[in-house]
Amino acid sequence: MKVATWNVNSMTARWPRVREWIERHEPDVLLVQETKQTDEQFPFDALSEVGYDAAHYGNGRWNGVAVISRVGLDDVQRGLEGDDEARFISASCGGARVYSCYVPNGRALDDPHYAYKLRWLSSLRDVLAGRAPDQAVIVGGDFNVTRSDLDVYDPRVFEGATHVSARERAALAAILDTGLVDLGRSFHPDEPSYTWWDYRNGSFRRGWGLRIDYLFCDPATAASATAAYVDRDARKGIKPSDHAPVVAELNS
DNA sequence: ATGTCCCAACTTTTGGGA
């Protein structure tokens with residue numbers, strides 16, 4: 001099974017790139033964040049024409065998450081309990097429980113949105129901690145947190161900022177501590193493997209990136225993996241998202 | 001430190017968010 005996660009930064013603006021990417025890479029499951037669409041706007045019909053089922057959870061202007069699958073799509077759950085923003089959707093696809101997550105940005109360490117980000121990560125941890133021990137799980141998304149300074153092009157630039165702070169890194173570590181493997185890092189232990197570059201300042205050309213998008217899975221699924229990588233080519237060209245997809249190839 | 005992009009609307013410019 002080939003699985004990917006991608007923050008598309010508006011499915012409306014990105015649909016030509018997303019369709020092209022799906023046809024070229026033929027993922028079995030694509031986890032999407034920041035569709036910025038209502039369910040009515042989401043391209044269910046166009047996806048069906050290329051062989052995919054989809055489930056979407058979105059309110060329109062902000063956020064919006066989806067699961068796109070050609071290996072089945074059942075038991076869809078939308079939203080984290082107590083959260084009214086469209087940042088979480090899960091489904092059963094090809095024998096695995098898959099999750100598409102869009103973690104709050106946080107904005108600044110003294111902003112209420114940062115406390116919301118920490119609460120949200122804690123809620124996600126609780127959901128994942130409650131899974132059955134033998135359940136195959138794939139958790140993907142834009143976590144808006146770097147795991148370590150290896151994921152940051154220049155840690156000095158981010159002193160005192162979100163995405164690198166100890167509390168959010170601890171909250172992300174607590175998610176991994178439920179028994180999940182970081183597929184991208186396990187295949188590339190020493191490479192930065194950035195997944196996001198700011199649109200401003202020629203950041204992509206200069207290599208100013210962060211690794212904030214992840215595919216996590218249970219150890220048995222990780223043992224079946226043959227590859228995991230960032231598709232940097234998707235960040236190039238006409239009207240790219242500011243995020244690149246993270247892709248994993250599994251023998252399960 | 002911020003050179004961009006995307007969205008909505010009291011819409012043809014501005015403000016919020018990332």
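None of the values given here were measured: they were computed from a predicted structure. Every chain is numbered from 1, with letters handed out A, B, ... down the list of sequences.
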Take atom CD of A:Gln41 and atom C1' of B:dC7, then tell me their distance rounded to the nearest Å. 11 Å
Hey, which sits more toward the 5' end of DNA chain B by its nearest nucleotide, A:Tyr102 or A:Thr12? A:Thr12
Can A:Lys2 and A:Glu26 be counted as an ion pair, charged N to O under 4.0 angstrom? no
Taking atom types as modelled, is there a side-chain donor on A:Tyr57 or A:Ser100 under 3.5 Å from an acceptor on the other? no
Can you check the distance between B:dT2 and B:dC6, where both ends of the measurement are the P atom (answer in whole Å)? 22 Å
For A:Phe44 and A:His56, take the angle between the two ring planes, folded into 0 to 90°, and tell me which bin it lands in: parallel under 30, tilted 30 to 60, perpendicular over 60. perpendicular
Between protein and nucleotides 12-15 of chain B, what N or O pairs are separated by less than 3.5 Å?
| residue | atom | partner | partner atom | Å |
| --- | --- | --- | --- | --- |
| B:dG15 | N2 | A:Arg61 | NH2 | 2.7 |

Under 3.5 Å, which protein N or O atoms sit close to an N or O of nucleotides 2-5 of chain B? Give each pair with its distance.
| residue | atom | partner | partner atom | Å |
| --- | --- | --- | --- | --- |
| B:dT2 | O2 | A:Asn201 | ND2 | 2.3 |
| B:dG3 | N9 | A:Asn201 | OD1 | 3.4 |
| B:dG3 | N7 | A:Asn201 | OD1 | 2.7 |
| B:dG3 | O6 | A:Arg206 | NH1 | 3.2 |
| B:dG3 | N1 | A:Arg206 | NH1 | 3.0 |
| B:dT4 | O4' | A:Tyr199 | O | 3.3 |

What is the ring orientation for A:His243 with A:Trp196, classed by angle as parallel under 30°, tilted 30 to 60°, or perpendicular over 60°? tilted
Between A:Phe158 and A:Asn144, which has a closest nucleotide on DNA chain B that is more 5'? A:Phe158
Does anything in residues 201-212 of chain A form a side-chain hydrogen bond (donor to acceptor under 3.5 Å, both in side chains)? List the pairs, not counting sequence neighbours. A:Asp151-A:Arg211, A:Asp182-A:Arg211
Can you pull the side-chain hydrogen bond (donor to acceptor under 3.5 Å, both in side chains) pairs that have at least one residue in residues 43-52 of chain A, sequence neighbours excluded? none
How far does the C1' atom of B:dA1 sit from the matching atom of B:dC7, given to the nearest Å? 25 Å
Please work out which of the three classes, parallel, tilted or perpendicular, describes the rings of A:His25 and A:Trp21, given edges at 30° and 60°. parallel
Exercise: do A:Ser148 and A:Arg169 side chains pair donor with acceptor under 3.5 Å: no
When the C1' atoms of B:dT11 and B:dG16 are considered, how many whole Å apart are they? 16 Å
Name every residue in residues 109-122 of chain A that has at least one heavy atom under 4.0 Å from any atom of DNA chain B, in order of residue number, or write none if there are no such residues. A:His113
For the residue pair A:Glu168 / A:Thr162, report whether a side-chain donor-acceptor contact shorter than 3.5 Å exists. no
Whole angstrom value for the distance that separates P of B:dA18 from CZ of A:Phe143: 17 Å
Exercise: do A:Tyr199 and A:Asn9 side chains pair donor with acceptor under 3.5 Å: yes
Pairs touching residues 123-143 of chain A that satisfy ring-ring contact (aromatic ring centres under 6.0 Å, His included), sequence neighbours left out: A:Phe143-A:Tyr214, A:Phe143-A:Phe216
When rounded to the nearest Å, what value does the distance between C1' atoms of B:dG15 and B:dC10 take? 13 Å
Taking atom C1' of B:dA18 as reference, at what distance in whole Å does atom CG of A:Asp142 sit? 10 Å
A:Asn59 CG to B:dC6 P: how many Å, rounded? 21 Å
What integer distance in Å separates A:Asp242:CG from B:dG17:C1'? 12 Å
